[in-house]
Amino acid sequence: MKKYTDTGKKDTRSGFGDGLTELGKKNQNVVALCADLTGSLKMDDFKANHPERFFQVGIAEANMIGMAAGMTIGGKIPFTGTFANFSTGRVYDQIRQSVAYSGKNVKICASHAGLTLGEDGATHQILEDIGLMKMLPGMTVINTCDYNQTKAATIAIADYEGPVYLRFGRPKVANFTPEDQNFQIGKAIQLQEGTDVTVVATGHLVWEALQAAEALHDKGISAEVINIHTIKPLDNDAILKSVKKTGCIVTAEEHNFLGGLGESVSRLLTTNHPVPQEFIATQDTFGESGTPEELMDKYGLNAAAIENAVKKVIARK
Amino acid sequence: MANYKELEDLVTQVRRDILRQVHKVNSGHPGGSLGCAEFFVALYNEVMDRNENFTMDGVGEDLFFLSNGHISPVFYSVLARAGYFPVEELATFRHINSRLQGHPTTHEGLPGIRVASGSLGQGISVAIGAAQAKKLNKDKHLIYVLCGDGELQEGQNWEAMMYAAGNNVDNLILTVDLNGQQIDGATKNVLPLGNLKAKFEAFGWEVLDIEKGNDLKAVVSGLEKAKDKTGNSKPICILMHTEMGNGVDFMMHTHDWHGKAPNDQQLENALSQNPITLGDY
């Protein structure tokens, strides 16, 4: 099986910040808006290098989304930055009407998504944002897995015309995807080839899926691991091709099982090729304070949980 | 110099268009639409510097955003009569497969519309964004936005107001349609707006009044005054005093016609008060 190496722990939000810095240099139309979280979103470099294209809006996310929609009129490509909770739930109607329904080329970039935000607790740990965003017609939804992929995705979405929700996180996590990757929206990446089970993971759960696959390999179970960085549009072909071979699937995400990646996969399977599925996701609950590791363990979102789910789903074949 | 006879004729025809649109589909918002007929006619035919062909980016021209999207009948009528799309299309207002949705949208590709509105309180933010884009593009043209007075109850407006003043967005002219009415009754009874002039000024805006918002000359001159005040570090707000339902006697001095269509008899009565000028669609 393929070997993946953590080249040194880095936060995905820094991938966003560094991607934005690079974009700022190469695309004069890229503008950035931030709601009082410039440091947290790693937007300081862009601000320092392009002060005229950086817009500090204060703690006023609704106005930020509306302004971003307006800036597209005149050819700008706005990247908004705040926590995932304030990027989605707080401004759902502004995104729905002024961005999605209006078809505006706004990139909603959301950090601190999910439980791994940690100690701040449930008020800030949104586990519903993927669902909220994927339900909006025309919205592209991306959840990247590490620093390199987040940087590549940030750069790639500037070249795509249309609204995008880019979700990433707070903690330093394994950085294992190639530095020079060509990020293709909607194109799944097969990380391990396997025959007994398909594991489809997104965001921070991708690394956990790889760890689980290694452990399973030692126990004689061959897991195919797919990195689904784009939840919408979903790479239907890649998933169907894999389950036709393996006959069962585990989906893994740092999100509620209602409305997340798992549900999108379920719909795909039930309408095309039904196979047993297990969900690694939060179970319709809010989070709480704790370290990221403690929370991911308590809510069953790590390699050990994936391993158990794999055994369970194989038994159901 | 404006030809006020022609503009007055257009206002009368726009009133007819509004009434006939909402009557035909038995829904829509005639009250606020009628109250803003003079404003729209003045803006599109006298005040704004517009390009002939519609482009979404609107580079090199003034742009207008409607925040209170429910007064779409007046917007559609004035856009059609300004040549953005055929006036016959007004007959499709709110019907299935129409580009003239109940509330304006870019979704159906109707020329003249640059953002969807309807869910209230979002237009000023969008206008500020467009104004900032103009500055980045070194385009000296202006951004106009209209919102309702009741709409100011939405909190997002006050975020936008704080931003615009704090960041010297001085290529922006906001007009507030001060008709004192909203769906549930008079604004003063539903949720009092207080002293709007003092509030806008406290936020750092330059505030002008158009006391006679249904007097074409007063509207043109008020908008021209506002234009003169742009480029001085402050966003501009016009408090435009209008009468909901203006031009139709039984629709005035009440909030009853905010979102109600006239029946056949009422339409006949209303149209008789506004005889054909340019020709019905």
Side-chain angles (χ1 to χ4, degrees), chain A residues 24 27-36 50-80 82 86 90-108 136-139 161-163, chain B residues 54-61 63-65 67 69 101 103-110 113-139 141 143 145 147 154-167 169 171-172:
Chain A
N27 191 333
Q28 294 300 308
N29 281 325
V30 167
V31 297
L33 299 90
C34 187
D36 197 33
H50 313 286
E52 74 293 350
R53 284 191 274 143
F54 178 80
F55 298 85
Q56 170 62 267
V57 301
I59 312 164
E61 295 82 7
N63 185 46
M64 176 171 74
I65 296 295
M67 276 182 61
M71 284 178 164
T72 65
I73 301 163
K76 302 300 154 202
I77 308 171
F79 282 63
T80 65
T82 182
F86 314 136
R90 189 175 185 94
V91 290
Y92 196 64
D93 191 44
Q94 284 77 15
I95 295 175
R96 182 176 181 274
Q97 175 172 285
S98 294
V99 176
Y101 185 44
S102 292
K104 297 302 182 201
N105 192 23
V106 175
K107 315 304 172 187
I108 300 159
L136 290 170
M139 181 67 75
E161 174 79 29
Chain B
F54 176 76
T55 60
M56 182 54 78
D57 281 347
V59 174
E61 62 176 329
L63 306 181
F64 169 73
F65 295 94
S67 190
Q101 292 291 297
H103 295 80
T105 174
T106 56
H107 201 256
E108 314 300 329
L110 187 69
I113 312 291
R114 288 195 168 84
V115 77
S117 59
S119 176
L120 295 171
Q122 300 187 28
I124 303 176
S125 299
V126 175
I128 292 169
Q132 295 288 51
K134 286 267 187 226
K135 289 197 175 197
L136 285 171
N137 289 337
K138 309 215 178 319
D139 181 345
H141 284 83
I143 303 292
V145 54
C147 74
E154 291 281 5
Q156 184 181 346
N157 294 305
W158 303 86
E159 294 182 6
M161 279 155 56
M162 195 182 290
Y163 180 91
N167 290 277
V169 183
N171 53 346
L172 175 75

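So you know, we letter chains A, B, ... as the sequences are listed, proteins then strands, and number each from 1.
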**Asked** Nearest 0.5 Å, what's the CG-CH2 distance between Asn63(A) and Trp158(B)?
**Response** 13.5 Å
**Message:** Need one label for Val99(A): side chain, backbone, both or neither, based on atoms under 4.5 Å from any heavy atom in chain B.
**Reply:** neither
**Asked** With a 4.5 angstrom heavy-atom cut-off, which part of Ile124(B) approaches chain A: side chain, backbone, both or neither?
**Response** neither
**Asked** Looking at residues at least two apart in the chain, or sitting in another chain, which of them share a salt bridge (Lys or Arg N to Asp or Glu O under 4.0 Å) with Arg53(A)?
**Response** none
**Request:** Using side-chain hydrogen bond (donor to acceptor under 3.5 Å, both in side chains) as the criterion, list what pairs up with Gln94(A), not counting sequence neighbours.
**Result:** Gln156(B)
**Side chains of Ile73(A) and Phe65(B) in contact at under 4.5 Å (non-hydrogen atoms)** = yes
**Message:** Run Met67(A) and Val126(B) through side-chain contact (heavy atoms from CB on, under 4.5 Å) and show every step you take.
**Reply:** CA-CA 5 Å; Met67(A) 276 182 61; Val126(B) 175; over 6 Å; no
**Fill in**
Per-residue tally against chain B (heavy atom, under 4.5 Å) across Glu52(A), Gln97(A), Lys104(A), Gln28(A) peaks at Gln97(A)
**CA sep, side-chain torsions, deciding dist, call: Asp93(A), Gln122(B), side-chain hydrogen bond (donor to acceptor under 3.5 Å, both in side chains)** = CA-CA 9 Å; Asp93(A) 191 44; Gln122(B) 300 187 28; 3.1 Å; yes
**Message:** Quick check on Ser117(B) against chain A: is it the side chain, the backbone, both or neither that has a heavy atom closer than 4.5 Å?
**Reply:** both
**Complete:** Of all heavy-atom pairs linking Ser102(A) and Ala116(B), the shortest is OG-N, 2.7 Å
**Complete:** Heavy atoms of Ala62(A) and Ser125(B) approach each other most closely as O-OG, 4.5 Å
**Complete:** In this structure, CE of Met162(B) is separated from CD1 of Ile59(A) (nearest 0.5 Å) by 10.0 Å
**Item:** Per-residue contact mode, Ala160(B) against chain A (heavy atom under 4.5 angstrom)
**Value:** both
**Asked** So, for Ala133(B) and Lys76(A), which heavy atoms are closest and what is the spacing to 0.1 Å?
**Response** CB-CG, 4.1 Å
**Fill in**
Value for OH (Tyr101(A)) from OG1 (Thr106(B)), rounded to nearest 0.5 Å, stands at 7.5 Å
